[in-house]
Amino acid sequence: MALQIFNTETRQKEIFVPLVENKVGMYVCGITVYDYCHVGHARVMVVFDTVVRHLRSLGYDVNYIRNITDIDDKIIKRALENGESIQQLTGRFIDAMHEDEAAMNVLRPDQEPLATEHMDDIEGMISTLIEKGHAYPADNGDVYFNVKSDEDYGRLSGKNIEDLESGARVEVNTAKRDPLDFVLWKASKADEPAWASPWGQGRPGWHIECSAMSTKCLGNHFDIHGGGMDLTFPHHENEIAQSECATGEHYVNTWMHCGFVRIDDEKMSKSLDNFFTIREVLKVYHPEVIRYFLLSSHYRSPVNYSEENLNIAKSSVGRLYSALELVTPSSTMVENTDFQSQFMSAMNDDFNTPQAFAVLFELAKEVNKTQSADLACLLKTLANQVGLLEEAAQQFFKLQPSDSDLTDEAIEALIEERATARANKDFARSDEVRDLLLEQGIELLDSAKGTSWRKS
RNA sequence: GGCGGAAUAGCAAAGUGGCUAUGCAGUGGAUUGCAAAUCCAUCUACCUCGGUUCGACUCCGGGUUCCGCCUCCA
C-alpha cells in the first residue's frame, strides 16, 4: 500500500508523490518562544516527528524544517514584563524547548530558522509583493497585503471573501485599504525592537516569516507543510497568498494539520490558561508514556488530556515493555512478516498510529507466547520507528517518576533479604518485604531468573 | 451568521456493506509458596429518526449534542 496523506486543501487522502524522486521537503510551523511548551505544542512536535520518521523508514531523504518565531508582540510584552532583553527571553525558551523535545525522543529538524535571522529574505519578499501590486505601504509605516489582489484567496480554509467580510470584526485600523488586508511589515514604536527597511524601522508581520523562510530553505514549491489546526486560517491561508503572489508558483502540495489537545472538552491553549507544560507532565509520566498518549489517537482527531488517559497510556506502554522484559530481543530481525506489513500499511494510511499500535500489541502477544527473540527484535524495531520502546525494558519500569524515597540500592538490599527469607521458607517475612515495597510503589516480580522490580 | 470536524462498549480508540480490531479496567481459569507478569476463556458497542439494500455501526437524507476556525494561538 502506497503512502496516502490527508491534504487539508482537498479534504481527502491523496497518494503521496514527491516533487523530486526519493526526496521530501517539509516545513512545519514551530512555536513562538516566550514561555514553556505545553502539551499542545508537544503534539505537533511528536506528530510531525513521527511523520518524518515514517517517511525516512520508507526511504525518503527528508529535509525537515521547523521555524522558531523569535520576534512578535507577545515576546516584546513578556520581555518587558520580565525586565530582560528579547534575546535573553527567546534564548531561554529555545533552550527549554530543545530540552523538552529531547526528553520525548523528538528528533531535531534539519534546520530551525529564526525570524530575526532572515530579515533580508522577508524584506525581499515584501518588496516583490509591492512591485507586483499585491501589497502597499500605508501612511502609518505598515505594509499590508492586498487580499483582493489574490483571486485564489481562501482556497485552503474553504472561506470566501464575501463571508469573511460579513463576519469581519470591527476594524480599528484605518490604515488598511480593506479590513481583510493583513500586515506584512509593522512600523515600530519608539521603544520597540526594530529593523531598518525601505518602509522605515519596523518588524515583520507573523505570516511573512514562514513564507520567506520556507522558500529560502525548500524553494518556491515544496512537498509538505504542517502545523496545528488553528493555523489553517488565517496563518497558512495568508502564507499561500504571499508566497504564490510573490513567486508566481504553486506553493505547497500537501497541507497537514494536527488536531488539538483538549482538557475537559476544551482546546488547551495559552489564552484559555488551561495548559500543562511538557516539563510539568514529565515530572509525573515517563516521556514515552506521553508520546504514546499523543499518538494513541489519530493525528487529526482531538485528544483529551486527563490523568485517566495518561494512566491508560502508561499501562499500555508497560504491556509492550513487558514483552521485551520477558524476551531479550535478538540482533536479527525477522523481515517481511505479516506484522511488519500490517504496521507499514497502517502508517501508510495517513499515519494511522492507533492501528499501528494494535499491530504492536498483537506482536507483543506473539512474543510472549513464542518467546521468540527475533520477534522481540521486530517489536522493538517497529516501535522504534514511532519513537517508542527506545528504553531498555528493565529500565523503563525503574524510571517511572514516583514519590518513593528508596534508592535502587535500598530496594536491591530488601530484595536480597527477601530472597534469603524465601530460601528459608520464611514466607511471612517474604510477604512483609513485598508489602513494604508495595507501599512505596515498588512491585516485585519473581521468575525463574530471580526477582525483578518495577515502579508502579 | 459563514465554514469545517466529531458522536463506537465502564474508559480510551481504530475500522469495515455480511467475518473476534486493539489497549486499559472487570470476571473465570492456568501458572505462582503468595503475588505480579504472562497465557486461555469471557462480559459490556457502534447518538437519533427515516431511506437505499437480501443485509448497515458502515452508504444517503433529516434531527440532536459536542468541538474547532472566522482575533493571538500548535
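- If you check every strand for non-hydrogen atoms under 4.0 Å, Leu438(A) touches nothing.
- Separating the P atom of rG4(B) from that of rC11(B) is a span of 31 Å, rounded to the nearest Å.
- Between His236(A) and His257(A), the distance separating the two ring centers is shorter than 6.0 angstrom.
- Rounded to whole Å, the C1' atom of rG5(B) lies 24 Å from the corresponding atom of rG17(B).
- When heavy atoms are screened at a 4.0 angstrom cut-off, Met45(A) is found touching no nucleic acid atom at all.
- Residue Glu362(A) is in sugar-phosphate contact alone, with no base atom involved, counting any heavy-atom pair closer than 4.0 Å across all strands shown.
- Residue Asn309(A) is classed as a sugar-phosphate contact, given heavy-atom separations below 4.0 Å to backbone atoms only.
- For Tyr285(A) and Phe293(A), the ring centers sit 6.0 Å or farther from each other.
- Within the 4.0 angstrom heavy-atom criterion, base atoms lie near Leu445(A).
- Using a 4.0 Å heavy-atom distance criterion, Arg66(A) is classed as making no nucleic acid contact.
- Asn160(A) comes within 4.0 angstrom of no nucleic acid atom, judged by non-hydrogen atoms across all strands.
- Side-chain nitrogen and oxygen atoms of Lys369(A) include at least one within less than 4.0 Å of the OP1 or OP2 phosphate oxygen of rC40(B).
- A sub-4.0 Å separation between OP1 or OP2 of rC3(B) and a side-chain N or O of Arg11(A) is absent.
- Using a 4.0 Å heavy-atom criterion, one finds that Phe427(A) contacts the bases of the nucleic acid, with or without backbone contacts as well.
- You'll find that the side chain of Lys267(A) is closest to rC69(B), out of rC69(B), rC70(B), rU22(B).
- Taking the ring centroids of Phe182(A) and Tyr144(A), they lie at or beyond the 6.0 Å cut-off.
- Phe93(A) and Tyr34(A) have their aromatic ring centers separated by at least 6.0 angstrom.
- Contact annotation for Ser296(A): backbone-only contact, meaning every heavy-atom pair under 4.0 Å involves sugar-phosphate atoms and none involves a base.
- Contact of Asn352(A) with rG15(B) (side chain to base): no donor-acceptor pair of N or O atoms is detected under 3.5 Å.
- Residue Ser301(A) places at least one side-chain N or O closer than 4.0 Å to OP1 or OP2 of rA14(B).
- Toward the 5' end of RNA chain B, the nearer of the two residues His298(A) and Gly259(A), judged by each one's closest nucleotide, is His298(A).
- Using P as the reference atom, rC19(B) and rA45(B) are 16 Å apart when rounded to the nearest Å.
- For rC67(B) and rG50(B), the P atoms lie 28 Å apart once the distance is rounded to whole Å.
- If you check every strand for non-hydrogen atoms under 4.0 Å, Lys314(A) touches nothing.
- Within 4.0 Å (heavy atoms only), Gly40(A) reaches at least one base atom of the nucleic acid.
- When both pairing distances are held under 3.5 Å, rU42(B) makes a Watson-Crick or G-U pair with rG26(B).
- Centroid-to-centroid, the aromatic rings of Tyr305(A) and Phe275(A) stay 6.0 Å apart or farther.
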